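Worksheet for the structure shown next.
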Amino acid sequence: MRAKDIALDGLFRQNPTLKLVLGTCPTLALTTLAMNGIGMGLAVTFVLTCSNVIISLLRNVIPQKVRIPAYILIIATFVTIIRMLLNKFLPDISASLGTYLPLIVVNCIILGRAEAFASKNPVGAACLDGIFMGLGFMAALTLMGAFREILGSGSVFGVKLWDFSIGFFTQPAGALFTYAMFIAVYSMIYSAVVARKKKSADTSEDRSEKGVTADV
Amino acid sequence: MFKMIPAIIFAAMLSQNFILVQFLGICPFLGVSKNTKSAFGMGMAVTAVMFIATLITYPLYTYLLKPLGFDYMEIIVFIFVIASLVQVIEIILKKTSKSLYEAMGIYLPLITTNCAVLGVTELVLTSELVVTMLDACAYGLFGGLGFTLAIVLMSGMREKLDTVKVPKAFEGFPITMLLACFMAMAFSMF
Amino acid sequence: MAKKESTLRCVATLTVIAVVCALMLSVLNFLLYVEAGADDLVGVYPKLDGYVWSVEETAQGDYGAGGKISVVALGKKDGAEDYIGVIVNTEKNGKLNPSTYAMFFNKSTDTLEYAAFITEGATGGFDWKYAEAHAGGDDVSTGATALTALLSDENATEGAKLKTWLQLVNVKITSESVLDFTSDIPKTGATRTVTATYNAFNMAARYYYNVYVKGVKS
């Protein structure tokens with residue numbers, strides 16, 4: 001599998017937030033500020049990359065029957081590590097992520113990638129997949145965070161733009177509204193891109209790698 | 001001793017509703033809300049696990065992990081407790097009550113990775129409302145009931161939605177989220 | 001037989017992973033351990049320059065609604081009186097975001113000597129123009145200054161409300177005076193900042209009374 005494919009999958013084609021709709025809890029809860037998107041994105045990228053690497057290394061060692069508990073143990077360890085690191089070096093980010101930091105353990109993206117990708121691919125690919133899936137998640141969260149922050153608080157990354165603001169976008173309902181709009185816009189762009197590819201008679205198949213869907 | 005309970009019931013079920021205000025447990029909320037029967041089954045299973053999990057993790061943290069200085073093991077211990085609990089409940093249900101197992105059994109494996117369960121065990125450690133063990137259990141129980149309320153209401157609307165035509169880009173998740181958006185407005189007005 | 005072996009292998013693998021994870025975390029915890037926020041008390045109360053703060057275990061108990069006591073620390077300096085610093089985090093209240101207050105108690109006289117914001121959650125909830133108009137100074141840029149300005153304003157209603165509360169500063173904390181701290185918060189007209197400040201005073205005083213005056217560690 002080529003590195004370019006993995007990168008494109010993570011950032012666009014299989015974007016965890018917009019296409020796979022995984023990890024919805026932090027996406028909705030933390031996107032009040034653009035900065036939260038960066039913080040959460042970095043934390044998830046760290047955990048995802050580390051757990052992908054370890055799980056890929058151990059893919060022939062862990063018995064099939066107990067793979068899920070084993071994955072959860074490994075993921076929980078890395079979540080604890082990133083929590084300690086953030087507490088020590090970036091306490092502000094740690095405080096703004098609050099309860100959602102430990103909840104990375106049950107973030108479907110991480111278990112989903114472990115199951116769908118890391119357990120079947122060599123270390124290098126698994127590592128790249130972790131990085132780009134994490135970055136795709138971070139990009140989506142930061143964009144949504146910036147959107148909500150601009151409309152809801154009149155600022156972006158904490159920099160005041162104007163006095164105008166719509167309180168709705170800082171409310172929980174605003175989170176759901178924003179997420180719905182982002183998915184809708186994404187799927188419009190996505191289908192436009194796919195249609196264009198088909199037109200140019202490119203027969204490259206849409207790599208379907210469904211894995212765990214949001215039904216889990 | 002009981003004075004926090006009314007505040008907890010109100011907050012956990014409505015004003016701080018797990019799904020619609022705190023966004024914990026969105027995955028099952030979107031995934032298992034297609035019909036009312038399965039939504040109710042899922043809600044009850046989650047409520048049971050949330051209640052029992054808090055009953056175990058709160059004293060475990062307060063009287064064992066914290067005094068011994070092992071509070072950094074919190075995440076691992078909590079997720080381990082939840083995963084084992086789900087397994088045990090599944091086995092017990094299978095052995096004792098066939099009808100209950102058929103109603104709830106299929107949802108149980110999904111609960112381990114439900115944010116609401118790990119979320120409630122973490123939340124009761126920091127919530128201002130929780131002072132005693134009793135508060136923590138009440139928070140778990142009524143948080144679960146609030147979860148059930150939201151998911152059952154949602155399923156009712158989605159059953160109607162099946163008969164309606166929506167723009168293509170909004171099919172699936174987006175339209176469901178817009179519905180949830182209106183519900184969230186009502187809940188967060190408290 | 002084969003089945004038994006695989007079960008054994010499953011258990012063994014899980015155990016090994018669990019032990020390795022726990023060991024790794026213990027080492028990292030040792031390297032990265034963070035004392036709970038006692039650093040936040042340094043430099044808040046100018047009089048206590050040069051004090052060294054060590055975190056005390058926060059006693060569990062009900063100290064009032066509206067917030068949570070997050071850090072209690074003992075301040076020591078050679079040849080000077082001991083102080084207890086209490087950090088109170090107040091809840092989000094409508095538009096007012098959570099705030100953090102530091103309260104300083106003189107341990108030898110049992111009085112609350114000083115209170116200040118560490119971070120103020122005033123985004124949208126605190127009336128800066130009001131504070132500015134009544135402060136008489138230019139510097140209302142920080143929450144602490146604005147609060148002090150409000151507190152020192154005799155005529156303003158909000159200021160007056162906080163003022164009566166401020167009279168509790170330098171009051172010896174006894175079984176009687178702690179009741180003053182726990183009296184009802186005036187509801188009418190009080191801004192959310194005032195309410196949050198009441199809550200913070202309230203909780204810190206009750207905590208200090210219970211733990212250090214009465215000496216009950218519950």
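Here the structure is a predicted model, which means the values were calculated and not measured. So that the names make sense, note that chain A is the first sequence line, chain B the second, and so on, each numbered from 1.
- The candidate with the highest count of non-hydrogen atom pairs below 4.5 Å against chain A, out of C:Ile17, C:Leu25, C:Leu28, C:Val20, is C:Leu25.
- Residue A:Leu85 touches chain C through both its backbone and its side chain, counting heavy-atom pairs closer than 4.5 Å.
- Distance SG/C:Cys10 to CZ/A:Arg67: 11.0 Å, rounded to 0.5 Å.
- Within 6.0 Å of CE in A:Met188 there are 12 or fewer heavy atoms belonging to other residues, nucleotides or ligands.
- In the displayed structure, A:Lys160 atom NZ is contacted under 6.0 Å by more than 12 heavy atoms of other residues, nucleotides or ligands.
- The line from OG1 of C:Thr13 to CG of A:Leu73 is 11.5 Å long, rounded to the nearest 0.5 Å.
- Nearest approach of C:Arg9 to A:Val61, heavy atoms of both residues: NH2-O, 2.8 Å.
- To the nearest 0.5 angstrom, A:Thr80 atom OG1 is 12.0 Å from C:Leu32 atom CG.
- Rounding to the nearest 0.5 angstrom, the gap separating the CG atom in C:Leu31 from the CE atom in A:Met84 is 9.5 Å.
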